[in-house]
2 protein chains.
Amino acid sequence: MTVIFSKKCEYGMQAVLYLAAQDKGTVVSSEEISRVLKIPKEFISKILQSLRDSGIIFSTKGKSGGFGIAKDPSEIKLIDIVEAIDGLEMFNSCVLGFPECSPETPCPVHDSWGALRTQAYEMLSVETLDKLKEKTLNKIRTL
Amino acid sequence: MTVIFSKKCEYGMQAVLYLAAQDKGTVVSSEEISRVLKIPKEFISKILQSLRDSGIIFSTKGKSGGFGIAKDPSEIKLIDIVEAIDGLEMFNSCVLGFPECSPETPCPVHDSWGALRTQAYEMLSVETLDKLKEKTLNKIRTL
DNA sequence: TTTTAATCAGATAATTTTATCTGATTATGA
DNA sequence: TCATAATCAGATAAAATTATCTGATTAAAA
């Protein structure tokens, strides 16, 4: 079992990318998100609720309720979603699983792997959702 | 929850690195590995048994039993251990969790993330255990 | 006001991963 | 041969993750 991000985080990113690709202010129900992205409805609803707590999206209750992007997509980075759902420990922990791995007490691959981790973090920090709209919609069409 | 490799894989890599740092042909019990690396004894024993099936290490039963490196450390790469324990799906699957992500039907970050994945795979493929002996022993001293 | 469809929060269930236990088998040394 | 300490394989248990269920609350429309 190897995974980069949790299922929760993957679904969360997919859903937020989808919301960000909608017109500003659009409200989308968890049922639609579930259907469009082919992911579990109740689970994504729960995930989106926690993302609402993080301020990345908003929600409205009631008959015409749903979720929507709370900020301009140019202000939301992929790393924000990762941080809200999974946290950032992955970018600080030892790939070999050694505890307390640091420049002072490095594991055998500390430098090489550390560089990759930094690159990954930077990639996720540079990708804002406005830049991914079209690609997102293109991908969703293939599901 | 984010993780690069499973706990199983992490422990497996730690243990094989430790074995590779011993003199050629040395047999080490799972009890010693557990004690030195501060990891669960029965679990690492099980993991090492599966690595024995992969040909990376050997085992001897009986009173003076234990595990040892089956090949020259210069012939074992970190990716071999990863492949034996976790498999290589991580290097082929979509970071956003989209199914069937490919160059033909790419997810929004397919190119950038794909490059990072390739780098990670290459890093693990280049690191042979002979090169990591000293650093491994240095790290273990800090546990 | 009522109906309806949505979010919400907590509980429950299913599945997977991590870890430990148990008894059998093995090989060394006395 | 026996005692001992090890691997071995399967079973069991605990913990974590994934997923679904349940009933309460909310808000729009009739």
Side-chain angles (χ1 to χ4, degrees), chain A residues 1-15 19 25-54 56-70 82 85-87 89-90 93 97 99, chain B residues 1-16 19 26-54 56-70 82 85-87 89-90 93 97 99:
Chain A
M1 193 285 295
T2 304
V3 66
I4 302 274
F5 300 122
S6 66
K7 269 290 181 230
K8 187 172 180 180
C9 192
E10 286 174 0
Y11 290 148
M13 286 191 286
Q14 286 180 37
L19 293 178
T26 303
V27 171
V28 185
S29 69
S30 53
E31 191 275 327
E32 174 179 334
I33 295 168
S34 163
R35 180 170 29 85
V36 168
L37 295 175
K38 300 183 158 58
I39 60 180
K41 177 159 93 69
E42 287 92 355
F43 197 30
I44 195 56
S45 175
K46 275 242 171 292
I47 293 162
L48 291 173
Q49 281 167 49
S50 67
L51 284 174
R52 182 210 62 216
D53 294 339
S54 302
I56 294 174
I57 60 174
F58 70 84
S59 66
T60 55
K61 292 181 180 178
K63 194 159 192 317
S64 309
F67 300 91
I69 285 287
V82 173
I85 298 182
D86 274 354
E89 305 86 69
M90 159 186 165
S93 54
Chain B
M1 191 284 297
T2 304
V3 66
I4 303 277
F5 300 122
S6 67
K7 269 294 185 220
K8 188 175 181 180
C9 193
E10 285 174 359
Y11 289 150
M13 287 191 284
Q14 285 181 36
V16 176
L19 293 179
T26 303
V27 169
V28 186
S29 69
S30 53
E31 190 275 326
E32 173 179 332
I33 295 168
S34 162
R35 179 170 29 85
V36 167
L37 295 176
K38 298 182 161 61
I39 60 180
K41 177 157 94 65
E42 287 93 357
F43 198 30
I44 192 60
S45 177
K46 275 243 173 290
I47 294 162
L48 291 171
Q49 280 167 49
S50 67
L51 284 173
R52 181 210 61 219
D53 295 339
S54 303
I56 293 174
I57 60 173
F58 70 82
S59 67
T60 56
K61 291 182 183 176
K63 193 163 195 312
S64 309
F67 300 92
I69 285 287
V82 173
I85 299 181
D86 275 352
E89 304 86 70
M90 158 184 165
S93 53

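By convention in this document, chain letters (A, B, ...) are assigned in the order of the sequence lines, proteins followed by strands, and residues within each chain are numbered from 1. Hydrogens, waters and symmetry mates play no part in the numbers below; they use all other heavy atoms, side chains included.
One atom, CG of A:Leu19, and another, P of C:dT7, lie 11 Å apart when rounded to the nearest Å. In this structure, CG of B:Asp86 is placed 13 Å from C1' of C:dT18, rounded to the nearest angstrom. Counting to the nearest Å, the C1' atom of C:dT20 and the CD1 atom of B:Ile39 are 15 Å from each other. What separates CZ of B:Phe58 from C1' of D:dT7 is a distance of 13 Å, to the nearest Å. Straight-line distance from the CD atom of A:Glu31 to the P atom of C:dT7: 9 Å, rounded to whole Å. Atom CD of A:Glu10 and atom P of D:dT17 are 14 Å apart (whole Å). In this structure, B:Ile33 atom CD1 and C:dA19 atom C1' are separated by 17 Å, rounded to whole Å.
To the nearest 0.5 angstrom, A:Glu42 atom CD is 11.5 Å from A:Ile47 atom CD1. Taken from NZ in B:Lys7 to CD1 in B:Ile85, the straight-line distance is 12.5 Å, to the nearest 0.5 Å. The CG atom of B:Leu51 sits 5.0 Å away from atom CD1 of B:Ile56, with the distance rounded to the nearest 0.5 Å. How far NZ of A:Lys41 is from CD1 of A:Ile33: 11.0 Å, rounded to the nearest 0.5 Å. Here the CD-CG distance, from B:Glu10 to B:Asp86, works out to 9.0 Å after rounding to the nearest 0.5 Å.
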**Derivation and outcome, side chain to side chain donor-acceptor pair (under 3.5 Å), residues A:Ser45 and A:Gln49** = CA-CA 6 Å; A:Ser45 175; A:Gln49 281 167 49; 3.2 Å; yes

**Prompt:** Could you write nucleotides 23-30 of chain D as a row of B, S and -, 5' to 3', where a protein heavy atom under 4.0 Å of any base atom gives B, of only sugar-phosphate atoms gives S, and otherwise -?
**Reply:** ---BBB--

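Across A:Phe5 and A:Met13, no two heavy atoms sit closer than the pair CD1-CE, 3.6 Å.
Counting only heavy atoms from C-beta outward, the side chains of B:Val27 and B:Ser64 never approach each other to under 4.5 Å. Residues B:Phe67 and B:Phe58 fail the side-chain proximity criterion, which asks for heavy atoms closer than 4.5 Å. A 4.5 Å side-chain heavy-atom check between B:Tyr11 and B:Pro40 finds at least one atom pair inside the cut-off.
Side chain of A:Ser93 to backbone of A:Glu89: a donor-acceptor contact under 3.5 angstrom is found.
Here A:Tyr11 does not reach the OP1 or OP2 of D:dT18: none of its side-chain N or O atoms lies under 4.0 Å away. Put simply, A:Ser59 has a side-chain N or O that comes within less than 4.0 Å of OP1 or OP2 on C:dC8.
Nearest to the side-chain atoms of B:Arg52 among the listed nucleotides C:dA6, D:dC8, D:dA6 stands D:dC8.
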**Prompt:** Starting at the 5' end of DNA chain C, what dot-bracket string do you get if Watson-Crick and G-U pairs under 3.5 Å are bracketed, crossing pairs use [ ], other-strand pairs use | and unpaired bases use dots?
**Reply:** ||||||||||||||||||||||||||||||

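The stretch residues 40-50 of chain A comes close to DNA chain D through A:Pro40, A:Glu42, A:Phe43, each having a heavy atom under 4.0 Å from the strand.
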